[in-house]
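Report on one structure; see the data block that follows.
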Amino acid sequence: MKINFDVSSLPAPCYVIDENLLVRNLEILQSVQDRTGCKILLAQKAFSMYSVYPLISEYLSGTTASGLYEARLGFEEMPGKEVHVYSPAFNPDDFEEIVSVSDHIVFNNFRQLDKFLPFIKKSGKSIEIGIRINPKYSEIETEIYNPCRNNSRLGCTADNFPEILPECVTGLHFHTMCEQGVDVLERTVAKVIEKFGSYLYDLKWLNLGGGHHITRKGYDIEKLVSIIKYIRNKYNLQVYLEPGEAVALNTGFLVSTVLDTLKNGMNLAILDTSAACHMPDVIEMPYRPEITGAGMPHEKAFTYSLGGPTCLAGDIIGDYSFDRPLKEGDRLIFSDMAIYTMVKNNTFNGIKLPSIILHRQNGENEIIRTFGYEDFKGRL
Ligand SMILES: *Cc1c(COP(=O)(O)O)cnc(C)c1O
C-alpha cells in the first residue's frame, strides 16, 4: 500500500488514518446506498475513531452499537443519524439511557423483548424493535468468529420463534459473516428466507449485519446490489447493512520503531509495538499483518521474527524478510491497522498506547490523541 505521508516526523508508535483512503471506501458504500435504497451503518465495534465521524456521516446513514457506550458515542458524534443497538443481553442498569440515545433496538430473543418492552413504552419514544435471528448457517471457519457455531448464544433460532410475531417487532437482524464476499451473502440470504421468509412480508426492515468485505478489491458490488434489490422488492423492506471492517479497510497504518535486534536461532527484532496490546487480532484471529517493503520469510535477504516489548513470550507479530538488516531506530509501517486495533487496545504490561494521527485530505498530519502514564494508571 502506498504511504502518502512522511513517517519520520511522526511520534512512534502511532496509528495513522489516511482520510483520502477512508473517503474512497465511503464513496463505494455510498454508491451501494444510492443504487439500492439500502442504508449502511458503521459498526463501531471495528472502528470508533470519532474524530472522523463528521466525515463518515456525510456518506453513511448512522452507526450501530453493541451496547450503551457505543450507542452513546454514535448518538453524540453523528448527530441526527440513526443509532442502532444490539446486545446478546441488555443490562437493566443501562437500558433507560440506551432508549434515550437509540432509534433501533435489536433483541437477542423474545425473553429480552418481553423484559425490556415496558421501558420502551414508558419512554414514549418511537423505537424500531428488531429480533436477531440465528439462521444456523455460516461459512466462517474460525470458531471464535462464528455466531452460528454449535450452542451459540447469538440470535434466536427458528424453533424459538412464535407463529405470529408480536406487533411491536418491526424488523429482523442477522449477522453471520466475517470478511466475506457476496456469494456467501447469497447463500445466507437463501437460508434466511427458507427459515424466516414467512415473517418478512409483515415487517419494515431487515438488517443483513456486517462481515461484508464490500471495499475489498474484487468484491462483486453488482451482485450485492441485485441481492439487496431482490429483498427490497420481494418483501417491501428497508434493507440495512452494518459493516465495520469495510468502512475502514486498508485506511490505516501502525508506525513502529525497532528498539533492539538480537539473535537466538534466528534474527529477532523487538519493536515498540506489541501484538498483544496494539494488534490483538494477530494473536486472536490469527493473521499476519503486512509491513510496507517487507516480504515473506526468506523472500528477501534478511529474515527476522518481530516481537513486542511485553514480557509475554507469545507477543510475536510474525516472521518477515527485509532487503537490509534491521537496526535500532528503523521505522516499520504495518498496513490495514485502522480496524479492530484502536478499539481493542489495552495497556497490558504498562505498555504505552500508540498515538492517533489523522492524515487529512489537505496533506496535514493532525495529532488526534497521545497517551501517557495516566491512561495506564487511570484504569486500575
Ligand atoms: C462485528 C459485528 C458487525 C461488524 O462486522 P465486520 O466484520 O466488522 O463488518 C456488525 N454487526 C454485528 C452484530 C457485529 O457483531
Side-chain angles (χ1 to χ4, degrees), residues 22 25-26 28-29 32-33 38-49 56 60-71 73-74 82-90 98 102 104-109 112 128-135 137-149 152-156 171-182 184-185 188-189 192 205-216 219 221 224 228 239-252 279-281 284-285 287 336-344:
L22 191 57
N25 285 352
L26 292 168
I28 293 171
L29 297 172
V32 173
Q33 290 186 131
C38 82
K39 292 185 177 178
I40 301 186
L41 311 167
L42 164 69
Q44 296 176 93
K45 184 182 72 185
F47 183 71
S48 304
M49 185 175 160
I56 293 175
L60 303 187
S61 301
T63 55
T64 188
S66 318
L68 172 59
Y69 293 167
E70 285 183 353
L73 189 66
E82 291 187 22
V83 176
H84 294 225
V85 61
Y86 156 79
S87 174
F90 286 104
I98 284 179
S102 312
H104 283 62
I105 301 181
V106 176
F107 294 101
N108 198 44
N109 54 48
Q112 285 272 301
E128 299 291 336
I129 295 175
I131 298 285
R132 176 166 174 173
I133 56 174
N134 176 354
Y137 181 83
S138 150
E139 299 185 23
I140 300 171
E141 275 158 20
T142 311
E143 274 293 276
I144 165 174
Y145 291 109
N146 183 2
C148 301
R149 61 195 281 167
S152 173
R153 72 190 187 291
L154 305 172
C156 187
L172 296 182
H173 172 287
F174 68 85
H175 171 70
T176 59
M177 290 170 54
C178 181
E179 300 185 337
Q180 284 164 320
V182 76
V184 177
L185 177 65
T188 305
V189 165
V192 167
W205 53 275
L206 177 67
N207 187 323
L208 312 185
H212 315 278
H213 243 191
I214 303 168
T215 51
R216 183 178 63 195
Y219 184 94
I221 291 188
L224 175 67
I228 295 171
V239 173
Y240 285 95
L241 299 176
E242 47 177 36
E245 287 219 7
V247 175
L249 187 67
N250 289 319
T251 64
M279 39 183 132
D281 277 357
E284 197 175 286
M285 188 85 173
Y287 83 105
D336 198 18
M337 282 287 155
I339 47 178
Y340 293 106
T341 50
M342 285 177 256
V343 289
K344 288 188 125 182

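When a ligand or atom number is given, it counts from 1 through the structure's own listing order. Values below: all heavy atoms of this structure, side chains included; hydrogens, waters and symmetry mates excluded.
- Checking only distances, G209 never comes within under 3.5 Å of ligand 1, N or O to N or O.
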Stepwise side-chain contact (heavy atoms from CB on, under 4.5 Å) test for F174 and L208: CA-CA 5 Å; F174 68 85; L208 312 185; 3.6 Å; yes
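- Panel note: side chain E242, backbone T64; no donor-acceptor pair is recorded below 3.5 Å.
- Remark: ligand 1 atoms within the under-4.0 Å shell around heavy atoms of P243 are 9 (O).
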side-chain hydrogen bond (donor to acceptor under 3.5 Å, both in side chains) evaluation trace for Y240 with E82: CA-CA 11 Å; Y240 285 95; E82 291 187 22; 2.8 Å; yes
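- Looking at ligand 1, you won't find any N or O of A43 less than 3.5 Å from one of its N or O atoms.
- For the pair N25 (side chain) and L249 (backbone), a donor-acceptor distance under 3.5 Å is present.
- If you check which protein heavy atom lies closest to atom 3 (C) of ligand 1, you get H175 CE1, 3.5 Å.
- Residue K45 places at least one N or O, backbone or side chain, under 3.5 Å from an N or O of ligand 1.
- Side-chain N or O atoms of Q180 include one that pairs as donor or acceptor with a backbone N or O of E139 at under 3.5 Å.
- Where the criterion is an N or O separation shorter than 3.5 Å, residue side chain and backbone included, H212 fails it with respect to ligand 1.
- Not one N or O on the side chain of S87 forms a donor-acceptor pair closer than 3.5 Å with the backbone of G67.
- Here is the list of ligand 1 atoms found below 4.0 Å of a heavy atom in G211: 5 (O), 6 (P), 7 (O), 9 (O).
- Nearest to atom 8 (O) of ligand 1 among the protein's heavy atoms is Y340 OH, 2.6 Å.
- The backbone and the side chain of E245 each have at least one atom closer than 4.0 Å to an atom of ligand 1 (non-hydrogen atoms only).
- Within the 4.0 Å heavy-atom cutoff, H213 does not count among the residues contacting ligand 1.
- Ring planes of Y86 and H173: parallel class, angle under 30° (limits at 30 and 60°).
- Each of the atoms 4 (C), 6 (P), 8 (O), 9 (O) of ligand 1 lies under 4.0 Å from some heavy atom of G244.
- Of the protein's heavy atoms, E242 OE2, 3.5 Å lies nearest to atom 13 (C) of ligand 1.
- Here CZ of R149 is found 11.0 Å from OG of S138. Values are rounded to the nearest 0.5 Å.
- Note: H84 NE2 to W205 CH2 = 7.0 Å, rounded to the nearest 0.5 Å.
- Looking at H173 against ligand 1, only its side chain comes within 4.0 Å, counting heavy atoms.
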